[in-house]
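Heads up: the structure comes next, in structure tokens.
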Amino acid sequence: MKTCYNCGKIIFMNKVFGQIGENMYTFCSEKCRSSTWHKIGVKSNDSMEASSKDADDHTGHSYERKEAGEKSGAPSKLILDGASYSYSARTDRVTISIQSLKNKSGEKTGTLKFELFMSKTGAFKPGEKSAGFTMASSATYEPLRVNSAYSNVTSTTRPLEKKSGTYTPVIFVRELNEDGKWHIAAFANFPQKEKLL
């Protein structure tokens with residue numbers, strides 16, 4: 001059972017993650033995470049915390065977000081270990097799990113998120129275009145500092161889309177770039193095909 005690091009409330013579905021020192025903690029809301037960061041004196045610049053006005057802006061691109069969580073240049077060098085997923089038809093929920101995501105770049109990453117992509121063209125190969133659809137996407141995660149990592153991350157959401165057919169599942173780690181687009185920074189191909197009804 002997960003509880004909010006700030007207020008102690010039991011968290012059933014929506015989770016927000018925040019880094020304090022070298023550790024990741026779970027919060028029930030952006031408000032609780034921000035409150036904790038303010039208590040310990042983490043600056044907005046350092047923690048990548050968005051302003052409350054910006055947090056309510058769902059356009060996905062603004063000056064505040066560029067300063068807070070976008071990365072310039074090529075995608076960061078990330079090492080993804082222990083990626084897995086599951087889909088429950090009974091509850092209509094997709095779970096994406098990541099054992100470890102490490103930042104091996106020489107700079108801080110942009111904002112990150114995880115996606116379950118169902119490929120019609122087989123295993124993903126960098127530089128090649130894949131046909132298919134994104135079945136599920138996690139909430140966004142704070143940028144990783146140099147040599148830091150996320151460990152044992154699990155995201156459970158409703159499917160964004162479902163299409164009948166046989167697919168090759170791929171987990172993407174996407175990173176927000178200064179162009180306002182989410183670029184693939186790491187991925188994991190699954191050898192076994194998935195049949196969706």
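The chain is numbered in sequence order, starting from 1.
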Practice prompt. Measure across N103 and K108 and return the closest heavy-atom pair with its distance rounded to 0.1 Å.
Written response: ND2-CA, 4.2 Å
Worksheet item: What are the two closest heavy atoms between S119 and V170, and how far apart are they?
Response: CB-CG2, 4.4 Å
Worksheet item: Donor-acceptor pair, T154 side chain versus S97 backbone, under 3.5 Å?
Response: no
Discussion item. If I compare all heavy atoms of V94 with all of M135, which pair ends up nearest, and what's the gap?
Written reply: CG2-CE, 4.0 Å
Fill in: Backbone N/O of A123 and side chain of N189: donor-acceptor pair under 3.5 Å
no
Worksheet entry | Shortest non-hydrogen separation from P143 to T111 and the atoms involved | CG-N, 3.8 Å
Worksheet item: Quick one: are I171 and I98 in side-chain contact, heavy atoms under 4.5 Å?
Response: yes
Worksheet item: Does Q99 reach the side chain of N152, with side-chain heavy atoms less than 4.5 Å apart?
Response: yes
Worksheet entry | Residue pair F187 / E115, side-chain heavy-atom distance below 4.5 Å | no
Worksheet item: Is there a side-chain contact between S138 and T157 (heavy atoms, below 4.5 Å)?
Response: no
Response to the item:
In this structure, CG of L112 is separated from OG of S76 (nearest 0.5 Å) by 7.5 Å
Discussion item. Out of the candidates F114, F117, W182, only one should pair with F172 under the ring pair (Phe, Tyr, Trp, His ring centres under 6.0 Å) rule; please name it.
Written reply: F117
Worksheet entry | Side chain proximity check, Y87 to K162, heavy atoms < 4.5 angstrom | yes
Worksheet entry | Cluster overlap Y150 with V173, hydrophobic side-chain contacts below 4.5 Å | yes
Worksheet item: What's the shortest heavy-atom distance between A136 and I96, and which atoms?
Response: O-CD1, 4.2 Å
Worksheet entry | side chain to side chain donor-acceptor pair (under 3.5 Å) partner of T168, the single match among K193, E194, Q192, K120 | K193
Worksheet entry | Derivation and outcome, side-chain contact (heavy atoms from CB on, under 4.5 Å), residues K163 and L196 | CA-CA 7 Å; K163 295 179 181 179; L196 299 178; 5.9 Å; no
Discussion item. Return the NZ to CG distance between K181 and L176, rounded to the nearest 0.5 Å.
Written reply: 12.0 Å
Worksheet item: Between E161 (side chain) and F133 (backbone), is there a donor-acceptor pair under 3.5 Å?
Response: no
Fill in: Check against side-chain contact (heavy atoms from CB on, under 4.5 Å), T121 and E128
CA-CA 10 Å; T121 51; E128 293 185 9; over 6 Å; no
Fill in: K113 to Y141, cation-pi by 6.0 Å centre distance and 45° axis angle
no
Item to complete: Keeping the roles fixed (side chain from S88, backbone from R93), state whether a donor-acceptor pair exists under 3.5 Å.
Response: no
Discussion item. For the residue pair S151 / S100, report whether a side-chain donor-acceptor contact shorter than 3.5 Å exists.
Written reply: no
Worksheet item: Rounded to the nearest 0.5 Å, what separation is found between the CG atom of L78 and the CD1 atom of I184?
Response: 12.0 Å
Discussion item. Just so I know, are the side chains of L101 and V153 near enough to count as touching, which here means a heavy-atom distance under 4.5 Å?
Written reply: no
Item to complete: Indicate the atoms forming the closest heavy-atom contact of K71 with N177, along with that distance.
Response: O-OD1, 2.7 Å
Discussion item. As a quick check of understanding, evaluate side-chain contact (heavy atoms from CB on, under 4.5 Å) for H183 and R174, giving each step before the final call.
Written reply: CA-CA 5 Å; H183 295 266; R174 289 194 183 266; 6.0 Å; no
